[in-house]
Novice: 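Sharing a structure below in structure tokens format, with a few things to ask.
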Amino acid sequence: MLIPIRKKSVITTCAIILFSLFFTQNINAETASEDPGSSAPQINRNIQDLKNKILELNKDLFVLQEELLFSANTQVNVFLSTDAGNLFKLDSVQLKIDDKVVSNYLYTERELNALKRGGVQGLYTGNMSAGEHEITALMTGVGPNQQDYKRGVSQKINKTDEALYIEIKILDNTSREQPDFELKVWE
Amino acid sequence: MANFTPPRFCILLVSVFSCCTTVIAEPDVNPVETAKVDYVNNLAYGTSLYNFFQDKYFSAITDLLVGKHYNRLNTEDKQAELLLGGMYLSYGLPDKASSIFAELLDQTSINTPANVRDRAFFHLGRHYYETNRLQPAESNLVEIGDTLNSDYDAERIYMLINIMISNSDPENTHPLLDRSPDDSIWHYYAQYNIGTAYLRAGKFEEGSELLDEIGSEIATTSELAIIKDKSNIALAFGELARNNPLQANDYFSRVRIDGSQTSNGLLGLGWSWYKQAHYSQALSAWLTLSHQQIPSIARQESLITIPYAYENFGQPHLALDAYDLAITTYNQELTEIRKIIDDINSGKFVQSLKDVSMGTESSNPSSVIGNVGVASNKYLSPLFLSKDFHTAVKDLQELTFLGYTLDHWEQDIPALRLILEEKRVTYNKEIAKQDHKKIIDSARIYFNKRNQFAAMVRQIEQDDDAAALATDDEKLLLEKLSGIKKTLEDMAGHPDISEQLEKFRLVNGIISWKLNTDFPVRIWQTRKEMIELNKTSEKFNQTINSLSDIFKTRPVQYADFLIKIKKLEGELSQLRADIDTSIKFQEKQISAMSLTAANQYVSKIDAYLDRALYSRARLYDALTIPQAGSQ
């Protein structure tokens, strides 16, 4: 017998101590102890305060920029959205207004995922004179059967003295098994 | 052996083990609803979601704030407010979030839909839970109705169960656990916590039933595999404590060989075999543990356990070799970790964190921490896994990103000034070309004429003056008739004008009849023309007013813009200084945390090294002194 008997009991004791300490550690980590007086430390408060101030400043600067650069009577905004995106995986979009390229955009996986989940991308904000204009969007990507796919959608629009909001929508047309591309002018 | 007694050894083992098994039995949570939005009711809300879904909380909140400023959000369904509150929480601004949720839950706001109220209660409850305020957490969580999605509901039940456990009430958690959907990971976390709560309370049978259920599951996800391992470890050590090493072996054997609990499993398995007097198996487990690449306290423990075991097997030479190996390993690790301490002190360590994140908005703290360097990851992994360290790194990342944002605006402000100046100059040039007083005077003349015309129409209507609406030909005819009438009147009493008088009466009658018959049509036509004229006048009036406004306000507007730019520039500069201070402070915090963890590691290794050196010397003496005596 290489191990004295007393050591066995010691090991049992050890396992009990280990066991109890292990689970004491667990409960402390898993379930928060009730401490109503606990509040964020001062540094955390300072960071919160700083973040909040910068958010407000950022908003004010965006508002100032918009008022200065894009007054409502000339403002035009173009957005892009997709639905499930099962029939078309967007790679890039090129936006033209009156045959002039105003935006080119390449998408990351993360952005495509955000679009699929219901996000709407602000693609372009600019200025436009009142009257009739033509807006064209050229989309490239991967279509049904993993084929390269390139499609354009174009529409004549009438710019009034109100800000203009246009949404490019990429939709799955399940009955045709093809993607649909729409331009919608928001009232 | 007197100075290397098993109890002390075991206490070390306990401390080692407890350090490496400190777990947080909760999954990562999404602070706000991230379900697919089927219908985007307005574009401002949608663009905010687009950023939110990329974890760009700062941009997403800004989008909503700008949308609110311009009234571009649909406020009726309160979804935007709920999203804003949730995003404030995600962005670490709980006070702002709480005030929004409190407003949504205000008893007077009866228009808040039930699903919005439920989610507001949920977010508030979770916020209180995460900040250890369990009583208000419970109060909010129990108010929730039945509109939450199943994953949120499972999380709600999980939190309520943990609150009950903290009140030493695991028995009453079963009805709640039964309501938790078992396809959700929250169900397994809750079950694990109840199981271990029973074990702590000394109710092994009740606890083992729950833990064994998890421990024998087929793990379909990595997260479930971790909970499964933890359950088996808990059961195994429970059985060891109950002096059932055979049963403990079964549980240890369920633990994966390449999981986060492997070290603990191997250490425990060694002790379990040891307890059954299967020393070679015990050694095998510990030797396997000692060859693990990633240093852990369990592994350090095994390095010193092995020679101890050899000594007890009567293999002192093997024990000496094993002590040598332990001493060499400990020394190597001490050298490496002291290099890390130097890096921390010189600022290289924090710089490596900053280099990885590069001030991007949405980088995950885990990925940043995971890329700071192999050596740091090797020795500071317990710190790197801790919530406090993640929070500190996240804060540093966010502050760095805010610094970049302010830099961007600081660069843009001169451009905005330039544009404003360009606009002002262009306006002044244009205004110099136009005589705006002349434009406004012409407009005034036009409106006077329009008013006169309107008065005339009113008068015609009032007097039923059909002649006033005569055509030019009719007017000519009426004038001729008027002349004829005058001539006839002058010839009054002349005997030969009776025929002319009769003809005059007839023609005058015809024209009067025509004018009176056409009057309703003509007055209707006139009214219609008046309406059109009014419309045109209204537009013209708007243009004139707008022009007048521009003449009056544009110079003031330019001045206002300049004042705003100056004001925001001042704020920008102040906040830039504040950010720099906060970044430096945060860097110091991270360095201090890292230094503490590194020094603690050094202390532990130092202690192991001392023990290994002492034990080797003792064993060497034991082996050599009798020989000297025999000489």
Side-chain angles (χ1 to χ4, degrees), chain A residues 2-3 7-8 10-27 29-36 38 43 46-48 50-55 57-66 68-69 77 79 81 110-111 113-115 117-122 165 167 186, chain B residues 6-7 10 13-14 17-18 21-25 36-37 40 43 46-47 49-50 53-54 61-62 65-66 69 92-93 95-96 131-134 162 165-166 193 196 199-200 237-238 240-241 243 271 275 277 312-314 395 402 405 409 416 419-420 561 564 568 571-572 575 578-579 582 585:
Chain A
L2 290 168
I3 306 294
K7 283 187 180 164
K8 279 196 174 179
V10 164
I11 290 166
T12 306
T13 314
C14 158
I16 291 167
I17 296 167
L18 187 151
F19 168 78
S20 60
L21 200 58
F22 170 46
F23 291 113
T24 309
Q25 288 281 335
N26 252 359
I27 188 68
E30 287 155 19
T31 57
S33 59
E34 195 158 1
D35 179 15
S38 72
I43 180 64
N46 291 346
I47 291 175
Q48 275 196 48
L50 201 52
K51 280 175 167 179
N52 195 33
K53 279 182 182 164
I54 294 176
L55 268 172
L57 176 70
N58 198 44
K59 179 209 76 180
D60 289 342
L61 283 162
F62 267 110
V63 169
L64 174 78
Q65 181 176 263
E66 184 169 328
L68 202 53
L69 302 185
N77 299 281
F79 299 87
S81 69
R110 198 171 196 176
E111 288 165 337
N113 188 40
L115 286 171
R117 292 172 70 188
V120 179
Q121 181 204 9
Y165 297 91
E167 185 182 3
W186 281 69
Chain B
C10 285
L13 172 63
V14 168
F17 188 70
S18 60
T21 53
T22 302
V23 290
I24 299 169
K36 162 94 171 113
V37 176
V40 174
L43 294 168
T47 47
L49 279 180
Y50 179 68
F53 287 144
Q54 295 176 68
I61 294 171
T62 304
L65 293 178
V66 172
H69 175 86
L93 297 175
D95 295 345
K96 294 284 287 181
T131 50
N132 295 348
R133 287 173 281 179
L134 300 187
N162 281 353
I165 290 171
S166 75
N193 285 343
T196 52
L199 298 195
R200 280 191 304 275
F237 278 105
L240 267 185
N243 209 17
W271 283 111
K275 211 171 172 187
N312 284 303
F313 301 157
D395 283 343
L402 291 177
T405 304
W409 282 118
L416 291 177
I419 289 163
L420 180 64
F561 270 129
K564 270 188 203 168
L568 294 174
E571 286 178 29
L572 200 56
L575 286 170
D578 291 349
I579 274 284
S582 291
F585 188 87

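Letters go in sequence order (proteins before strands), and every chain restarts at 1. Worth knowing before you read on, the calculation uses all heavy atoms, side chains too, and leaves out hydrogens, waters and symmetry mates.
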Novice: For Q48(A) and L93(B), work out which heavy atoms get closest and say how close.
Specialist: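 Where Q48(A) meets L93(B) most closely, the heavy atoms are O-CD2, 3.3 Å.
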
Novice: Taking side chain as C-beta onward, heavy atoms only, is L402(B) less than 4.5 Å from K51(A)?
Specialist: yes

Novice: Using a cut-off of under 4.5 Å for heavy-atom pairs, which of L61(A), N113(A), L50(A) has the most such pairs with chain B?
Specialist: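 Of L61(A), N113(A), L50(A), L61(A) has the most heavy-atom pairs under 4.5 Å with chain B.
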
Novice: Check whether D578(B) gets within reach of chain A through its side chain, its backbone, both or neither, counting any heavy atom under 4.5 Å.
Specialist: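 Contact with chain A involves both backbone and side-chain atoms of D578(B).
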
Novice: Taking C-beta and beyond as the side chain, do E111(A) and F53(B) meet within less than 4.5 Å on heavy atoms?
Specialist: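 No, their side chains stay 4.5 Å or more apart.
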
Novice: How many angstroms lie between CG in L43(B) and CH2 in W186(A), if you round to the nearest 0.5 Å?
Specialist: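 The distance works out to 4.5 Å.
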
Novice: Which residue out of L416(B), V66(B), L568(B) racks up the most heavy-atom pairs below 4.5 Å with chain A?
Specialist: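 Greatest number of close heavy-atom pairs with chain A: L568(B).
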
Novice: For the atom pair CD1 (I54(A)) and CH2 (W409(B)), what is the distance rounded to the nearest 0.5 Å?
Specialist: 13.0 Å

Novice: Among E167(A), Q121(A), Q65(A), which has the most heavy-atom pairs under 4.5 Å with chain B?
Specialist: Q121(A)

Novice: Look up atom CG in D60(A) and atom OG1 in T62(B), then write down how far apart they are to the nearest 0.5 Å.
Specialist: 10.5 Å

Novice: In Å and rounded to the nearest 0.5 Å, what is the CG to CG distance from L68(A) to L420(B)?
Specialist: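 The CG atom of L68(A) sits 5.5 Å away from the CG atom of L420(B).
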
Novice: Got N52(A) and D95(B) here, is their nearest side-chain heavy-atom distance under 4.5 Å?
Specialist: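 Not touching, per the 4.5 Å side-chain cut-off.
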
Novice: Sort T405(B) into side chain, backbone, both or neither according to what part of it lies under 4.5 angstrom from a heavy atom of chain A.
Specialist: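 Contact with chain A: side chain only.
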
Novice: Less than 4.5 Å to any heavy atom of chain B: does that hold for the side chain of F79(A), its backbone, both, or neither?
Specialist: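 When you check distances to chain B, only side chain atoms of F79(A) fall under 4.5 Å.
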
